[in-house]
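The chains referred to below are lettered A, B, ... by the order of the sequence lines, with proteins before strands, and numbering in each begins at 1.
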Amino acid sequence: MDKLAKIVIPGDLISEKPLKIGEGVFIEDGKVYANVYGILDQKDRVRVIPLAGKYIPRRDDTVIGVVTEIDFSSWHVDILSPYEARLHIGEYPGRIDQSEMSCYIRVGDLIVATVLDVGWTMKVDLTIRENQFKILRGGKLVEISHTRVPRLIGRGGSMISMIKRESACSIFVGQNGRVWIQGKPENVRLAERAVEMVVREAHTSGLTNRVVEFLNANK
Amino acid sequence: MADGVYTFFKDGLRLDGRRKDELRPLKIEAGVLKRADGSCYLEHGGNKVMAAVYGPREVHPRHLHNVTQAIVRYKYNMASFSVDERKRPGPDRRSIEISKVSREAMESVVLKERFPRTAIDVFVEVLQSDAGTRAAGINAASVAMADAGIPMKGLVTSCAFGKIDGEVVLDLCKEEDNYGEADVPVAMIPRTGDITMIQMDGHLTFDEFKEGMKLAIRGCDQIYELQREALIEKHQNDLKAKE
């Protein structure tokens, strides 16, 4: 992304002709308009990368959630979104008894889960079968805007794997904007500052190199 | 004011030295509040308004929710110190009405179907009032909504026209509003030209109304440019803050 990235606001005309479109744009009378405030990206398909907004879960997203409640058949999970998610007892790897649900995942636990399905009325179901199931214990939880997550992960995971390597921490990034960092206290602080840096400077060029420099300078 | 003692015009200019088709000076700043999802501070002549947007978020109380789309709530409130004589705090007939019409003016651009079962809350606080606060509130609210990352089909822009001394003019100031013959606030979507709010206080002939609408549409186009600039400037300031 170059430094002079074009900012668009809702209703801005992007193209007089219909194009292949992605997110953040709409077509009206054959013309393409932006519908969110963000950065215009015209690489392969026209889209607008939002600068703000709430996380809306989508199928197959990996998220970090906090268990808020347990009812007779599922765990209620807060996923930093206007919508609460549920993890049904049947999605737990292995058979467990209803009465023993709170022995496996307790209220307040941090879990890594995958969005199994988002229903018509935004009923969000989670699963933990596919990825290696994990309750995150210890470590530090940082909440960032979900709009910065793709930048934090980088192309093919380049940014996040670099931060992990340079700061010697284990880091987990959820699509919903929760970042979990674990390691030695001073390393965690370093990684956290690197994450903050990526969030702040998400839309500038040469960011990966600057983050490397920053991490090396502060090691 | 035809008795010749008081007049709204002097040498063809208005009380504050404006031409008939001229807006009062505007200042718009986006993203001024840290805790809100989106915010905007706006000064329009003597008006000072602050708008904050929260959401989409869970609806409380629960029974208000809609299963197919988001609900938009808009609260217009005047601070007790916003007028000469202390205003009794709290909602009254006037502010409830303004909240309703402003909400309807904004609602039509929001892509509500994207966020079923949620609420988008807009709070507009008038810190200082000087005629045309509902228009200023709508202008601030639409910048704040964009700043909150809420998908919209376009921004909503609003300004008023009116009639003083038998002449149709753009953007009334306080004296013109209080002693003039008509005041017509208009809200529109500049991109499409759709009118999303129009109210009229006073009397106008049809021709005067048509003339005034032309003025108001031109006024909205000018304000729209400033709204755009405010949002673009916000991003540039964010970039600068890093270096």
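Each of Ile189(B), Thr192(B), Asp37(B), Val109(B) has some count of heavy-atom pairs under 4.5 Å with chain A, and the biggest count is that of Asp37(B). Between chain A and the options Gln236(B), Arg114(B), Arg228(B), the largest number of non-hydrogen pairs under 4.5 Å is found for Arg228(B). When Pro56(B), Ala148(B), Ser142(B) are compared by the number of non-hydrogen pairs under 4.5 Å with chain A, Pro56(B) comes out ahead. Per-residue heavy-atom pair counts under 4.5 Å with chain B were compared for Leu51(A), Asp12(A), Ile56(A), and the maximum is reached by Asp12(A).
Using a 4.5 Å cut-off on side-chain heavy atoms (C-beta onward), Leu231(B) and Ile7(A) make no contact. Taking the side chain as every heavy atom from C-beta outward, Tyr37(A) and Lys234(B) approach each other to under 4.5 Å. The shortest side-chain heavy-atom distance between Leu239(B) and Glu201(A) does not fall under the 4.5 Å cut-off. Using a 4.5 Å heavy-atom cutoff, the side chains of Arg117(B) and Thr121(A) are in contact.
Remark: Asn216(A) CG is packed, more than 12 non-hydrogen atoms of other residues, nucleotides or ligands lying under 6.0 Å away. Open room surrounds CD on Glu23(A); 12 or fewer heavy atoms of other groups in view lie less than 6.0 Å from it. Counting heavy-atom neighbours within 6.0 Å of Arg106(A) CZ, excluding the residue itself, gives a total of 12 or less.
Summarising the geometry of Ala52(A) relative to Asp147(B), their closest heavy-atom pair is CB-O, 3.5 Å, with the distance given to 0.1 Å. Across all their heavy atoms, Pro10(A) and Met152(B) have their closest contact at CB-O, 3.7 Å. Across all non-hydrogen atoms, the minimal contact from Phe26(A) to Lys153(B) is CZ-O, 3.7 Å.
Only the backbone of Ile150(B) comes within contact range of chain A, with at least one heavy atom under 4.5 Å from a heavy atom of that chain.
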Would Ile9(A) and Gln227(B) count as a side-chain contact (heavy atoms from CB on, under 4.5 Å) if you check the C-alpha gap in whole Å, the side-chain angles of each, and the deciding distance to 0.1 Å?
CA-CA 9 Å; Ile9(A) 64 164; Gln227(B) 289 176 308; 5.8 Å; no
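The distance from the CD1 atom of Ile232(B) to the NZ atom of Lys6(A) is 7.5 Å, given to the nearest 0.5 Å. Separation of atoms OG (Ser81(A)) and CD (Glu58(B)) is listed at 8.5 Å; rounding is to 0.5 Å.
Tyr83(A) contributes a side-chain N or O that, together with a main-chain N or O of Pro116(B), makes up a donor-acceptor pair within less than 3.5 Å.
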